[in-house]
Number of protein chains: 2
Amino acid sequence: MARGEKRPVTVHTLASHVGVSPAAVSTVLANRHEERRLAPATVERIRQAVRELGYVPNVAARRLRAHDPDVRHVELGILTSYEAPLFLISRALRELQRTVDQRTSPERRYSVSIDMYHAGRLREMPGLLNASRFNGVVITNTLPEDDAFLKATTLPYAVVVQGRRLANYCCVLETPGAGGRQAAEILLGRGCRQPAVVTPRLLTETTADRADAFAAAVRDLTGQGAVRVTASDFTPQAGSDALRAHLQAHPGCDGLFAVTDTLALGAFQALKAVGRRVPEDVAVVGVGDHEHAGYFDPPLTCVGPEYGTVVAEIMALLFNLMSRRRVNPTEVFVPPAVSHRRSA
Amino acid sequence: MARGEKRPVTVHTLASHVGVSPAAVSTVLANRHEERRLAPATVERIRQAVRELGYVPNVAARRLRAHDPDVRHVELGILTSYEAPLFLISRALRELQRTVDQRTSPERRYSVSIDMYHAGRLREMPGLLNASRFNGVVITNTLPEDDAFLKATTLPYAVVVQGRRLANYCCVLETPGAGGRQAAEILLGRGCRQPAVVTPRLLTETTADRADAFAAAVRDLTGQGAVRVTASDFTPQAGSDALRAHLQAHPGCDGLFAVTDTLALGAFQALKAVGRRVPEDVAVVGVGDHEHAGYFDPPLTCVGPEYGTVVAEIMALLFNLMSRRRVNPTEVFVPPAVSHRRSA
DNA sequence: GAAAGTTGCTAAATCGAGTTAGCAAACCCT
DNA sequence: AGGGTTTGCTAACTCGATTTAGCAACTTTC
């Protein structure tokens with residue numbers, strides 16, 4: 001009985017509980033009992049059972065049954081973590097939508113969805129391993145644990161990874177080292193003497209690379225290291241708090257590289273609060289991952305990759321993988337496109 | 001033949017094309033041909049056919065077959081339009097994730113996904129009508145066409161609509177009229193004489209209500225109307241352009257209500273470009289739909305509803321609907337929480 | 001009182017893929 | 001030559017829901 005009770009309620013369970021056939025239950029569930037002339041009393045008994053037993057329909061079964069056999073449905077997903085801000089994927093989403101709209105035809109339809117995993121627990125996402133959820137995915141915002149999982153298992157369908165290098169997958173990422181170095185060049189080129197880099201505490205491969213490349217370039221060019229400012233996370237609030245503390249300890253700070261734009265946004269606030277002008281007193285460089293970086297005050301100078309190129313490459317790889325025109329893992333590097341705006 | 005060729009390729013198609021049984025094809029697709037001792041030549045022929053015929057697996061069928069019968073899978077979706085900015089739903093997403101994490105148990109798992117429709121074409125979303133995709137959804141960012149569609153058909157599963165009033169669904173929205181009126185009171189209270197309201201060209205029910213309530217309140221309180229500034233859409237760029245034009249025509253403008261925060265962000269830029277100070281020369285009020293409104297410069301005073309309350313109400317309704325504790329449509333109004341910041 | 005119609009339900013097939021049990025044929029060994 | 005083993009594959013069932021065709025039993029009609 002303990003065993004029996006655990007099994008989820010199906011149409012069949014409901015049917016035998018009420019003492020009718022599954023067909024009758026299904027009729028009621030679809031609200032077609034009038035046209036199929038079920039007795040009102042029976043309908044009520046079935047409804048009662050549905051309520052009592054807490055029936056939850058199996059959407060996979062419904063979909064299999066309901067789909068039009070002349071139309072192929074292709075399911076695409078953008079996989080990101082709950083913890084990453086959604087705006088990070090809005091450009092990828094828009095491009096995927098455009099691509100998909102082009103390829104939609106009467107016999108081939110696409111669905112695009114954004115699916116979230118808990119950062120570091122990608123492996124727990126249902127349907128990933130057994131290929132029962134997607135025909136193709138773009139995976140982004142992974143943590144090292146997720147990367148380890150991906151390295152260990154090659155998923156048996158079209159997968160493109162953004163921002164990481166994994167030998168067994170197609171990957172698209174900014175040219176390693178390039179962004180950080182350019183940020184350093186911009187700041188030092190303006191005459192900054194005490195440049196710092198702000199990072200969140202938890203670093204992804206990309207943010208770590210940006211910070212390291214920045215530090216290395218500063219050391220190369222000046223012989224001195226760059227100060228590292230650690231924020232608790234990547235929210236503006238965290239950036240603001242971290243920078244306030246930093247300015248107390250290093251009042252001479254005159255240049256800042258933020259590895260995410262939200263940190264730069266918080267930094268702006270902290271700088272203005274203590275009366276420093278951007279860029280006159282402190283120059284700031286971001287990476288262009290925020291849609292509205294050009295509307296910050298002052299507009300944020302950015303050294304990130306051109307996201308348009310990144311997402312275009314991702315889509316090309318994804319659709320090539322799905323049509324099996326490309327089979328081998330590839331790495332695509334997108335160089336940073338410097339957006340000179342007012343902040344540096 | 002034309003008919004036959006149109007039908008999508010299934011395992012069965014592949015099998016008869018190669019001259020083997022579906023079981024053999026399935027074995028190869030799952031990469032289990034070694035342990036099941038298929039002849040290498042056969043494997044190669046099957047692989048070839050998969051490539052040639054462009055086979056796309058049916059994920060619904062896989063899911064039905066692969067799922068663990070002891071675990072009930074509940075599929076939840078947040079439905080938004082491609083055209084609406086993603087950050088609008090980040091709060092709802094976070095709350096849904098929290099709720100779902102609490103309710104997850106060994107015999108009940110939840111999947112959360114964000115699914116997009118083209119604004120005005122919600123009806124085309126696959127699986128919406130036949131309930132073959134979701135066990136429960138939150139629908140948001142609809143256009144009037146979508147609202148009309150929803151009014152016409154009551155979807156047979158748990159649905160909560162955000163920001164619209166539809167008699168046949170559970171709806172959660174800001175108290176009608178409240179935000180616009182408060183914005184008017186704030187601006188007039190500061191002594192503004194020529195208040196204006198910026199809206200995108202395409203109005204949703206919510207943005208229209210905000211603008212109308214604002215105009216009505218201004219008329220009530222001053223006897224004069226409020227000027228309406230129309231931006232091409234709701235991007236900062238559009239807001240900036242619209243405001244530049246408005247300032248040319250109405251140099252005396254001293255107060256602004258933006259029905260979305262992104263428009264306010266663009267307005268800030270236009271105002272600063274022509275040397276107006278915020279709030280000294282022009283006071284600005286937004287609605288708090290942008291995560292970072294508090295980090296704009298100056299921080300944006302907002303009159304929108306408390307999103308925390310909105311999403312909490314949505315989740316309560318959604319789960320009550322799914323457990324059938326509530327069956328009747330309900331309207332929940334969330335009053336605006338005024339965030340007084342520097343911009344007004 | 002037989003034909004025709006209505007009421008209220010069910011048996012069985014179906015969707016597409018994966019798995020299990022098992023069957024021939026070929027091969028090996030005494 | 002007979003028994004056992006390996007090789008290479010297939011028939012048939014399963015997952016959960018929906019639909020179609022159709023069957024009893026009862027009622028109405030002439």
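A, B, ... follow the sequence lines: proteins, then strands. Residue 1 opens every chain.
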At 10 degrees resolution, what angle do the end axes of the helix from C:dG1-D:dC30 to C:dT30-D:dA1 form when each is taken over five base pairs? 60°

Rounded to whole angstrom units, what separation is found between the NE2 atom of A:His12 and the P atom of D:dT19? 19 Å

How many whole angstroms separate atom CG of A:Asn130 from atom C1' of C:dT19? 14 Å

Checking side chain to side chain contact (heavy atoms under 4.5 Å, CB included) between A:His17 and each of A:Val25, A:Val50, A:Leu53, which is the one that passes? A:Leu53

How long is the line joining CD of B:Glu75 and C1' of D:dG16, in whole Å? 14 Å

Interatomic spacing from CZ in A:Phe319 to CD1 in A:Ile314 - rounded to 0.5 Å: 12.0 Å

Of the non-hydrogen atoms in A:Asn58 and B:His67, which two are nearest, and what is the gap between them? ND2-CE1, 3.7 Å

Heavy atoms under 4.0 Å, any strand shown: does B:Pro57 hit a base, just sugar-phosphate, or nothing? sugar-phosphate

Does A:Tyr55 put a side-chain nitrogen or oxygen below 4.0 Å from OP1 or OP2 of D:dA17? yes

Considering only D:dA17, C:dG16, C:dT10, which nucleotide approaches the side chain of A:Val20 most closely? C:dT10

Please work out which residues in residues 30-48 of chain A have a non-hydrogen atom less than 4.0 Å from an atom of DNA chain D and list them by number. A:Arg32, A:Arg36

Correct closest heavy-atom pair for B:Leu173 and B:Arg164 would be CD2-O, 3.8 Å

To the nearest angstrom, the CG-C1' distance between B:Asn58 and C:dG18 comes to 13 Å

Base, sugar-phosphate, or nothing: which does A:Thr10 touch, judged by heavy atoms less than 4.0 Å apart? sugar-phosphate

Ion pair A:Arg165/A:Glu331, N-O distance below 4.0 Å: yes

Going through the checks in order, is the side chain to side chain donor-acceptor pair (under 3.5 Å) test met by A:Thr27 and A:Arg32? CA-CA 5 Å; A:Thr27 298; A:Arg32 311 188 59 179; over 6 Å; no

Can you give the donor-acceptor pairs under 3.5 Å from side chains of residues 154-162 of chain A to other protein atoms, not counting sequence neighbours?
{"residue": "A:Thr154", "atom": "OG1", "partner": "A:Asn168", "partner atom": "ND2", "Å": "3.2"}
{"residue": "A:Tyr157", "atom": "OH", "partner": "A:Leu128", "partner atom": "O", "Å": "2.8"}
{"residue": "A:Gln162", "atom": "OE1", "partner": "A:Thr140", "partner atom": "OG1", "Å": "3.4"}

Which atom of B:Tyr169 lies closest to which atom of B:Leu150, heavy atoms considered: CE1-O, 3.1 Å

Closest-nucleotide 5' rank along DNA chain C - winner of B:Val56 and A:Thr27: A:Thr27

Under 4.0 Å from OP1 or OP2 of D:dG16: is there any side-chain N or O of B:His67 that close? yes

Check the distance between C:dT19's P and B:Leu64's CG and give it to me in whole angstrom. 13 Å

Could you give the CG-to-P distance, from B:Leu14 to C:dG16, as a whole number of Å? 13 Å

Minimum heavy-atom separation for B:Met125 to B:Met116, with atom names? CE-O, 3.4 Å

With heavy atoms under 4.0 Å as the rule, sort B:Val25 into base, sugar-phosphate or nothing. nothing

Contacts of A:Leu29 and B:Ala66 projected onto DNA chain D by closest heavy atom; the upstream (5') one is B:Ala66

